Amino acid sequence: MMVMSPSSEEITLPATTELPKHVAIIMDGNGRWAKKRLMPRIVGHKAGVKSARTAVEVCAKNNISALTLFAFSSENWNRPRKEVDLLMDLFIKSLREEAKAINENNIRMQIIGDRKAFSEKLQSRIAEVESLTENNTGMTLSIAANYGGRWDIIQAVQQLIAQGIKAEDVDEAVLEKNLMLSGLPAPDLFIRTGGEHRISNFLLWQIAYTEQYFTDTLWPDFSEQHFAQAFEDYAGRQRRFGRTGEQVEEDA
Ligand code: IPE
Ligand code: IPE
Ligand code: MG
């Protein structure tokens with residue numbers, strides 16, 4: 001990975017554009033991308049990894065503070081065994097190949113999801129990358145793997161019960177502190193590529209007020225220019241958080 005590489009083109013954004021601080025992406029459409037080319041699905045997943053690298057570069061370059069990528073859902077175990085195995089191998093390989101560049105670019109990387117289901121090899125690779133990058137102060141890159149939004153809420157509740165918290169002490173802040181993305185601001189912008197208009201059990205709690213952006217572009221085709229479009233669309237939104245448009249304009 002070459003974050004800030006001299007060869008990468010400048011993103012064409014107006015100087016006044018307000019960028020999201022936290023971007024969360026459902027990277028969907030790898031299989032269809034491969035199918036269109038009469039290739040096996042894994043070829044699409046490999047192309048998807050390249051696109052993920054571009055996403056990290058673009059977000060880091062634009063000083064976005066957090067990027068969360070959905071790589072494998074808790075429901076993706078239902079895919080054919082062969083595809084799951086190949087995805088796991090690709091995950092291990094990608095962690096090995098990307099770790100150095102991620103670290104050199106001061107990016108802190110964490111895996112969110114139930115890692116206990118992964119092979120020992122993958123678990124130890126995850127632990128290595130996390131400890132290598134844990135003191136980095138740049139962008140936080142969270143990879144959601146064996147992640148489900150419902151699971152996230154349940155594991156938070158389990159932690160609260162284990163801590164012996166009293167019912168009356170449970171509030172939004174307390175629950176949030178035990179969710180996987182605790183410590184990060186909620187995503188400002190959610191992107192789903194691949195044409196489906198659904199959440200597929202990605203972040204549930206955290207996207208209550210996140211701006212949603214759906215595009216038909218398949219994930220392997222999602223380039224810097226597509227990011228520019230998404231950011232421009234985001235910049236044109238008025239986030240009201242329950243208030244009136246007039247109130248928001250007065251405050252601006
Ligand atoms: C997303 O692409 C990657 C994973 C879910 C691992 P898909 O594999 O879902 O691609 P499509 O939706 O079949 O095109
Ligand atoms: C969501 O995509 C999961 C990831 C991108 C990792 P899916 O392709 O699994 O979602 P559905 O099954 O079409 O809802
Ligand atoms: Mg899909």
Side-chain angles (χ1 to χ4, degrees), residues 22-56 58-59 66-98 109-119 122-123 125-126 129 141-155 179-181 187 189-207 210 212-223 226-227 230:
H22 184 172
V23 179
I25 308 179
I26 298 189
M27 310 184 288
D28 196 20
N30 296 348
R32 279 162 286 163
W33 185 91
K35 196 173 176 186
K36 263 173 50 181
R37 289 164 177 74
L38 308 176
M39 306 275 239
R41 293 178 61 85
I42 188 65
V43 175
H45 294 314
K46 285 181 183 160
V49 173
K50 273 198 193 162
S51 240
R53 189 184 303 147
T54 302
V56 173
V58 169
C59 291
L67 173 65
T68 301
L69 300 175
F70 204 8
F72 190 87
S73 77
S74 42
E75 289 73 28
N76 286 146
W77 297 108
N78 295 325
R79 293 191 175 198
R81 173 73 193 272
K82 185 158 178 273
E83 179 169 350
V84 170
D85 287 349
L86 288 170
L87 277 169
M88 292 300 145
D89 290 347
L90 185 60
F91 195 15
I92 293 174
K93 185 168 165 267
S94 305
L95 283 175
R96 191 181 56 228
E97 288 177 358
E98 307 297 332
M109 181 164 170
Q110 59 176 2
I111 306 302
I112 59 165
D114 189 0
R115 63 186 68 188
K116 291 193 300 290
F118 294 142
S119 68
L122 180 49
Q123 288 192 48
R125 183 115 324 139
I126 288 171
V129 182
L141 171 63
S142 305
I143 306 289
N146 193 21
Y147 179 86
R150 290 174 179 168
W151 167 82
D152 193 358
I153 294 167
I154 286 173
Q155 68 78 31
L179 289 171
M180 285 281 126
L181 290 178
L189 174 64
F190 161 96
I191 298 173
R192 181 172 188 146
T193 62
E196 312 301 343
H197 296 184
R198 53 178 175 254
I199 305 298
S200 299
N201 200 17
F202 190 30
L203 308 167
L204 295 177
W205 175 283
Q206 298 89 340
I207 60 165
T210 300
Q212 321 263 314
Y213 181 85
F214 295 94
T215 170
D216 289 340
T217 304
L218 303 173
W219 176 247
D221 293 327
F222 199 80
S223 66
H226 294 93
F227 265 105

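Residue numbers count from 1 along this sequence. What you are looking at is a predicted structure, and each value in this text was computed from that prediction instead of being measured. Counting starts at 1 for both ligands and their atoms, following the listed order.
- Checked against Phe72 for a ring pair (Phe, Tyr, Trp, His ring centres under 6.0 Å), the options Phe118, Phe202, Trp77, Tyr147 give a single hit: Trp77.
- The shortest heavy-atom distance from Lys35 to ligand 1 is not under 4.0 Å.
- Counting just the N/O/S atoms of Asp28, the one with the shortest distance to the Mg ion (ligand 3) is named OD1.
- Nearest to atom 13 (O) of ligand 1 among the protein's heavy atoms is Arg41 NH2, 2.9 Å.
- For the pair Trp219 and Ile26, the minimum side-chain heavy-atom distance is 4.5 Å or more.
- Glu196 lies apart from the Mg ion (ligand 3) in this respect, since none of its N, O or S atoms is found at a distance under 2.8 Å.
- Annotation for Arg41 and Ala34: closest pair CA-CB, 4.0 Å, computed over non-hydrogen atoms.
- There is a protein heavy atom closer than 4.0 angstrom to atom 2 (O) of ligand 2.
- Residue Phe72 touches ligand 2 through its backbone alone, judged by heavy-atom distances below 4.0 Å.
- Residue contacts with ligand 2: Ser200 is placed with a nitrogen or oxygen under 3.5 Å of a nitrogen or oxygen of the ligand (distance criterion only).
- Of the protein's heavy atoms, Gly31 N, 2.9 Å lies nearest to atom 10 (O) of ligand 1.
- Residue-environment remark: CZ (Arg96) exceeds the threshold of 12 foreign heavy atoms within 6.0 Å.
- The shortest distance between side-chain heavy atoms of Val49 and Lys93 does not fall below 4.5 Å.
- For atom 9 (O) of ligand 2, the nearest protein heavy atom (residue, atom name, distance) is Asn76 ND2, 2.9 Å.
- Looking only at protein heavy atoms, the nearest one to atom 7 (P) of ligand 1 is Asp28 OD1, 3.5 Å.
- Between Phe222 and Val58 there is no side-chain heavy-atom pair separated by less than 4.5 Å.
- Counting the atoms of ligand 2 from 1 in the order shown, those under 4.0 Å from a heavy atom of Ile26 are 1 (C), 5 (C).
- Atoms of ligand 2 lying under 4.0 Å from at least one heavy atom of Arg198, given by number and element, are 11 (P), 13 (O), 14 (O).
- Side-chain contact of His45 with Glu83: a donor-acceptor pair under 3.5 Å is present, judged by distance alone.
- Under the 4.5 Å side-chain criterion, counting only non-hydrogen atoms from C-beta, Ile42 is not in contact with Lys82.
- Side-chain atoms of Asp28 never come within 3.5 Å of backbone atoms of Gly195 as a donor-acceptor pair (strictly under, hydrogens ignored).
- Looking at Gln155 and Asp114, their side chains never bring a donor and an acceptor atom within 3.5 Å of each other.
- Contact analysis leaves Arg32 out of contact with ligand 2, as no non-hydrogen atom separation drops below 4.0 angstrom.
- Among Gly29, Ala71, Gly195, Ala145, the residue whose heavy atom sits closest to atom 6 (C) of ligand 1 is Ala71.
- Between Glu196, Met27, Arg79, it is Arg79 that holds the heavy atom closest to atom 8 (O) of ligand 1.
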